[in-house]
Amino acid sequence: MSTQPSQQPIPFTDPAPRLSRADIARIAAQMLPHGAVVNLGIGIPSLCADFVPEGVYVRYQAENGVLGYGELLPPEEGDPDLIDASGQFTKMTPGMAFFDSAESFAMIRGGHIDATVLGALQVSEQGDLANWMLPSRGIGSIGGGMDLAANTNRVIVAMEHTTRRNEPKILKECTFPLTAQRCVTDIVTDIAVISVTENGLVLNECAPGWTADDVQALTIAPLR
């Protein structure tokens with residue numbers, strides 16, 4: 001595994017608008033199974049709490065020691081003592097539980113989390129995940145990402161398809177330090193929905209106005 005910078009920017013004119021961060025979260029939330037215990041990462045993943053389809057019940061767990069919280073609340077309505085791991089205000093729900101972070105990580109490492117939605121800097125065609133360090137900065141933040149990626153059966157990545165410089169983030173092999181190997185099961189971006197299989201990446205859906213060729217043009221790893 002190399003720690004060199006990622007691929008060069010790709011000259012490409014978007015054929016249509018890309019999906020918003022909220023759209024990415026909405027699509028990822030539709031993948032969460034009914035009755036699941038789910039951990040949401042920082043950024044786009046945390047927005048999934050607002051988009052679970054009607055009739056689907058999930059219990060959210062956070063590394064700071066919360067289980068069973070509801071959708072996110074605006075700052076003016078939130079309780080500073082009731083936040084998720086990314087510091088966002090959460091809605092109290094019946095049956096909600098609180099505990100210390102050591103017990104929270106024991107839940108994760110014990111395999112008691114059914115699904116997690118995480119952000120990513122890079123994902124490889126084998127499902128390797130890199131999301132904790134930018135080599136150009138020389139620093140990173142591990143958080144609970146390594147534990148979640150290594151101990152959760154379904155790992156959904158929710159992210160923009162490229163960097164701000166239009167560098168592809170879905171590669172044949174990650175060039176950033178890995179969070180975990182062969183852990184990602186699904187990728188939801190602002191232009192595509194992709195499954196990670198034993199035979200490589202499968203393109204399931206394109207954003208409106210985008211074709212499979214458009215998505216492939218911004219993806220280093222081959223798509224089926």
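Everything numeric in this text was worked out from a predicted model, so none of it was measured.
Scored by the side-chain hydrogen bond (donor to acceptor under 3.5 Å, both in side chains) test, R154 finds D186 as partners (sequence neighbours excluded). Residues meeting the salt bridge (Lys or Arg N to Asp or Glu O under 4.0 Å) test with E205, sequence neighbours left out: none. A search for salt bridge (Lys or Arg N to Asp or Glu O under 4.0 Å) contacts involving D147 returns R109, not counting sequence neighbours. Remark: E160 engages no residue in a side-chain hydrogen bond (donor to acceptor under 3.5 Å, both in side chains) (not counting sequence neighbours). Residues meeting the side-chain hydrogen bond (donor to acceptor under 3.5 Å, both in side chains) test with S195, sequence neighbours left out: N204. Every salt bridge (Lys or Arg N to Asp or Glu O under 4.0 Å) that R26 has, sequence neighbours left out, goes to D23. Partners of R18 under the salt bridge (Lys or Arg N to Asp or Glu O under 4.0 Å) rule, at least two apart in sequence or in another chain, are D14, D190. In this view, D79 satisfies the side-chain hydrogen bond (donor to acceptor under 3.5 Å, both in side chains) rule with no residue, not counting sequence neighbours.
Residue pairs meeting the side-chain hydrogen bond (donor to acceptor under 3.5 Å, both in side chains) criterion with at least one member in residues 128-140, sequence neighbours excluded: S124-D128, N131-T179.
At distances below 3.5 Å, at least one donor-acceptor pair connects side-chain atoms of T189 with backbone N or O atoms of A192. Without hydrogens or angle criteria, S104 side chain to F99 main chain gives no donor-acceptor distance under 3.5 Å. Judged purely by atom type and a 3.5 angstrom limit, N166 uses its side chain to pair as donor or acceptor with the backbone of I10. At distances below 3.5 Å, at least one donor-acceptor pair connects side-chain atoms of T93 with backbone N or O atoms of G68. Between the side chain of Q216 and the main chain of L223, a donor-acceptor pair closer than 3.5 Å is present.
Within a 6.0 Å sphere centred on CD of E76, other residues, nucleotides and ligands contribute more than 12 heavy atoms. More than 12 heavy atoms of other residues, nucleotides or ligands lie within 6.0 Å of CD in E77, so this atom counts as buried by the packing criterion. Remark: Q126 CD is packed, more than 12 non-hydrogen atoms of other residues, nucleotides or ligands lying under 6.0 Å away.
Note that CD1 of I191 is 9.5 Å distant from OG1 of T211, once rounded to the nearest 0.5 Å. The CG atom of L201 lies 8.5 Å from the OG1 atom of T219; values are rounded to the nearest 0.5 Å. Atoms CG and NE2, from N151 and H112 in turn, are 10.0 Å apart once rounded to the nearest 0.5 Å. Interatomic distance, D50 CG to K91 NZ, rounded to the nearest 0.5 Å: 10.5 Å. In this structure, the separation between CD1 on I113 and OH on Y60 is 13.0 Å, given to the nearest 0.5 Å. A distance of 11.5 Å separates CG in L118 from CE in M159, rounded to the nearest 0.5 Å.
I83 belongs to a hydrophobic cluster whose other members, connected by ILVMFWY side-chain contacts under 4.5 Å either directly or through intermediates, are L73, F89. Here Y57 is tied to no hydrophobic group at all, with no ILVMFWY side chain closer than 4.5 Å.
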Q) Between L32 and I156, does a side chain to side chain contact (heavy atoms under 4.5 Å, CB included) hold up when you go through it step by step? A) CA-CA 9 Å; L32 301 176; I156 303 167; 4.1 Å; yes
Q: Starting from the C-alpha separation in whole Å, work towards a yes-or-no answer on side chain to side chain contact (heavy atoms under 4.5 Å, CB included) for V215 and H161.
A: CA-CA 9 Å; V215 176; H161 204 88; 4.0 Å; yes
Q | Worked verdict on V196 versus I187 for side chain to side chain contact (heavy atoms under 4.5 Å, CB included) | A | CA-CA 8 Å; V196 182; I187 307 169; 4.2 Å; yes
Q. Taking it one step at a time, do D114 and T152 satisfy side chain to side chain contact (heavy atoms under 4.5 Å, CB included)?
A. CA-CA 6 Å; D114 300 306; T152 308; over 6 Å; no
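Closest non-hydrogen pair, M92 versus F98, comes out as CE-CZ, 4.3 Å. Smallest separation of non-hydrogen atoms from A29 and F51: CB-O, 3.5 Å. Minimum interatomic distance between L129 and C183 (heavy atoms only, all atoms of both residues): CB-SG, 3.7 Å. Considering every non-hydrogen atom in both R224 and T197, the closest pair reads NH2-OG1, 3.5 Å. What you find for G70 and A49 is that their closest heavy atoms are O-CB, 4.1 Å. Scanning all heavy atoms of the two residues, the minimum distance from A62 to A85 falls at CB-N, 3.8 Å.
Both V52 and V188 are part of a single hydrophobic cluster, where members link through side-chain heavy atoms under 4.5 Å apart. Note on I108 and V155: same hydrophobic cluster, where clusters join Ile, Leu, Val, Met, Phe, Trp and Tyr whose side-chain heavy atoms are under 4.5 Å apart, directly or indirectly. Linking ILVMFWY residues whenever their side-chain heavy atoms come closer than 4.5 Å, directly or via other members, places L148 and V184 in the same cluster. Linking ILVMFWY residues whenever their side-chain heavy atoms come closer than 4.5 Å, directly or via other members, leaves V66 and F105 in distinct clusters. Hydrophobic clustering, with ILVMFWY side chains joined whenever heavy atoms are under 4.5 angstrom apart, keeps V193 apart from V202.
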Identify every side-chain donor-acceptor pair in residues 36-48 under 3.5 Å, counting partners at least two apart or on other chains, and give the distances.
| unit_1 | atom_1 | unit_2 | atom_2 | d |
| --- | --- | --- | --- | --- |
| N39 | ND2 | Q61 | O | 3.0 |
| N39 | ND2 | Q61 | OE1 | 2.9 |
| N39 | ND2 | E63 | OE1 | 3.4 |
| S46 | OG | G43 | O | 2.6 |
| S46 | OG | Q88 | NE2 | 2.5 |

